[in-house]
Amino acid sequence: MKLQTTDLDKMQLLEGLDPIIQNALLTHFHIRTYAKNESVVQKGLASAELYFLVSGRLKVVDFIQNGREIGFVFINPGMHFGELSLIDGRPRSASIIATEPSIVIVLPKKEAQQLIFSVPHVSKKLLLQLTDTIRKDNEHIILLGSGSAYCRIYKLLLQQIESVKGETIIERVLTQHEMAIMTNTTRETVSRAISQLQVAAVVRKEGKRLIVIKLDALKHLSLDV
């Protein structure tokens, strides 16, 4: 793969950069490929590179004492990661694993710090994305604090809902395994929870999409009462 400026325009953080800056960055990026289930970043390791996902999909995870995997968020093409260690110099706070074959481009520490500290366009975007991450992390903490596994699953579904052409849908439903690690439960529990929604005609599955038929009912089921 030969990296071009058009590839950088697909990155949320780098979109709209001055072409001169883009061309300069191209000489510093490294391209890395990862197989499914391969580790991209390991928690606790010292590293200060800035990563961008070109293709594939990654998950940000941690492991509790019994070895169970807890998921935080998924990284999709165009997104970046690794900025926290780049800013504060501390070890990685979580592990990142490829959920499918993925291509990542990596900007070394020196060039990455110069980019985020010296280019106002990038600095502003980074700050906005960091605040969005904090808000989402807060939502996830609240989700994990829900007592019922079913409530956690339904809250997770609500977080993924979007409106498309007048329909309330989840465009790409997480797999049962992904939902399980995001809600600290099991795949079997996720399967039963989704099945109950389908039987009650609260949702309808269409390929990889989930159509939400009764949004108010889903909201009520998500309440930990």
Side-chain angles (χ1 to χ4, degrees), residues 10 12 34-40 53-64 68-81 94-104 129 132-133 135-225:
K10 296 175 184 177
Q12 297 169 9
Y34 297 92
K36 181 178 180 180
N37 296 325
E38 188 174 357
S39 176
V40 180
L53 181 61
V54 176
S55 65
R57 196 161 185 251
L58 313 174
K59 61 182 178 181
V60 182
V61 300
D62 202 348
F63 297 88
I64 55 180
R68 174 176 285 183
E69 182 180 340
I70 300 294
F72 295 104
V73 70
F74 289 89
I75 299 172
N76 295 309
M79 298 174 69
H80 67 273
F81 56 100
S95 295
I96 298 178
I97 299 170
T99 63
E100 58 187 69
S102 301
I103 298 176
V104 173
Q129 290 172 8
D132 183 60
T133 298
R135 292 180 187 278
K136 288 179 178 177
D137 285 348
N138 287 340
E139 290 177 358
H140 196 65
I141 290 170
I142 293 171
L143 182 150
L144 290 174
S146 299
S148 162
Y150 278 26
C151 287
R152 297 197 296 272
I153 294 165
Y154 298 150
K155 285 181 188 293
L156 181 62
L157 290 176
L158 286 170
Q159 290 177 4
Q160 300 172 56
I161 284 177
E162 55 186 310
S163 180
V164 178
K165 296 180 180 179
E167 286 188 312
T168 304
I169 69 171
I170 299 172
E171 189 63 44
R172 180 179 177 178
V173 184
L174 300 177
T175 66
Q176 291 181 4
H177 172 68
E178 290 171 344
M179 292 185 70
I181 65 172
M182 291 288 286
T183 56
N184 192 21
T185 186
T186 64
R187 293 170 60 177
E188 292 75 19
T189 301
V190 172
S191 178
R192 289 194 296 270
I194 301 297
S195 293
Q196 287 192 15
L197 291 180
Q198 290 176 300
V199 169
V202 175
V203 301
R204 181 178 73 251
K205 190 82 180 291
E206 290 186 358
K208 292 185 178 181
R209 303 198 316 168
L210 199 65
I211 312 298
V212 181
I213 304 167
K214 301 175 182 177
L215 180 58
D216 287 342
L218 181 59
K219 289 180 178 178
H220 178 73
L221 290 169
S222 73
L223 300 175
D224 194 15
V225 295

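Note that the coordinates shown come from a computational prediction; the quantities given were computed from them, not determined experimentally. Residue indices begin at 1 and follow the sequence shown.
- For T133, the side-chain contact (heavy atoms from CB on, under 4.5 Å) partners two or more places apart in sequence, or in a different chain, are D137.
- For F81, the ring-ring contact (aromatic ring centres under 6.0 Å, His included) criterion is met by Y51, not counting sequence neighbours.
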Please test L174 against L156 for side-chain contact (heavy atoms from CB on, under 4.5 Å), starting from the C-alpha separation and ending with a verdict.
CA-CA 10 Å; L174 300 177; L156 181 62; 4.1 Å; yes
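- Note that CG of L223 is 11.0 Å distant from OG of S148, once rounded to the nearest 0.5 Å.
- Take I211 and apply the side-chain contact (heavy atoms from CB on, under 4.5 Å) test, not counting sequence neighbours, and it matches E167, I169, R204, E206, R209.
- To the nearest 0.5 Å, atom CE of residue M179 and atom CD1 of residue I153 are 6.0 Å apart.
- Here CG of N76 is found 10.0 Å from OG of S102. Values are rounded to the nearest 0.5 Å.
- I75 CD1 to I97 CD1: the interatomic distance, rounded to the nearest 0.5 Å, is 11.0 Å.
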Return a table of donor-acceptor pairs under 3.5 angstrom between the side chains of residues 192-199 and protein atoms on other chains or two or more places apart.
{"unit_1": "R192", "atom_1": "NH2", "unit_2": "T189", "atom_2": "OG1", "d": "3.4"}
{"unit_1": "S195", "atom_1": "OG", "unit_2": "S191", "atom_2": "O", "d": "2.9"}

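- Annotation: side-chain contact (heavy atoms from CB on, under 4.5 Å) contacts of A200 (sequence neighbours excluded): V202.
- Heavy-atom minimum distance, R152 versus T185: NH2-CB, 4.2 Å.
- Checked against salt bridge (Lys or Arg N to Asp or Glu O under 4.0 Å), D132 has the following partners two or more places apart in sequence or in another chain: K136.
- For the atom pair L58 CG and M79 CE, the distance stands at 9.5 Å (nearest 0.5 Å).
- Taking V54 as the reference, M1, M11, I103, I105 meet the side-chain contact (heavy atoms from CB on, under 4.5 Å) condition, with sequence neighbours excluded.
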Walk me through it: do V104 and Y34 pass the test side-chain contact (heavy atoms from CB on, under 4.5 Å)?
CA-CA 8 Å; V104 173; Y34 297 92; 3.9 Å; yes
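- The side-chain hydrogen bond (donor to acceptor under 3.5 Å, both in side chains) check on R187 picks up nothing, with sequence neighbours excluded.
- Contact check for I161 versus L215: side-chain heavy atoms found under the 4.5 Å cut-off.
- Between A98 and V40 the shortest heavy-atom distance is N-CG2, 4.2 Å.
- Between L218 atom CG and K155 atom NZ the span is 10.5 Å, to the nearest 0.5 Å.
- Look at E178 and R172 and you find no salt bridge, because none of the NZ, NE, NH1 or NH2 atoms lies under 4.0 Å from a carboxylate O.
- Between S55 and P77 the shortest heavy-atom distance is CA-CG, 4.0 Å.
- A donor-acceptor pair is defined here as one N or O able to donate and one able to accept, closer than 3.5 Å; no such pair exists between the side chain of R57 and the backbone of F74.
- The heavy-atom pair separating I213 from A201 by the smallest distance is CB-O, 3.6 Å.
- Residues passing the side-chain hydrogen bond (donor to acceptor under 3.5 Å, both in side chains) test with Q160, sequence neighbours excluded: none.
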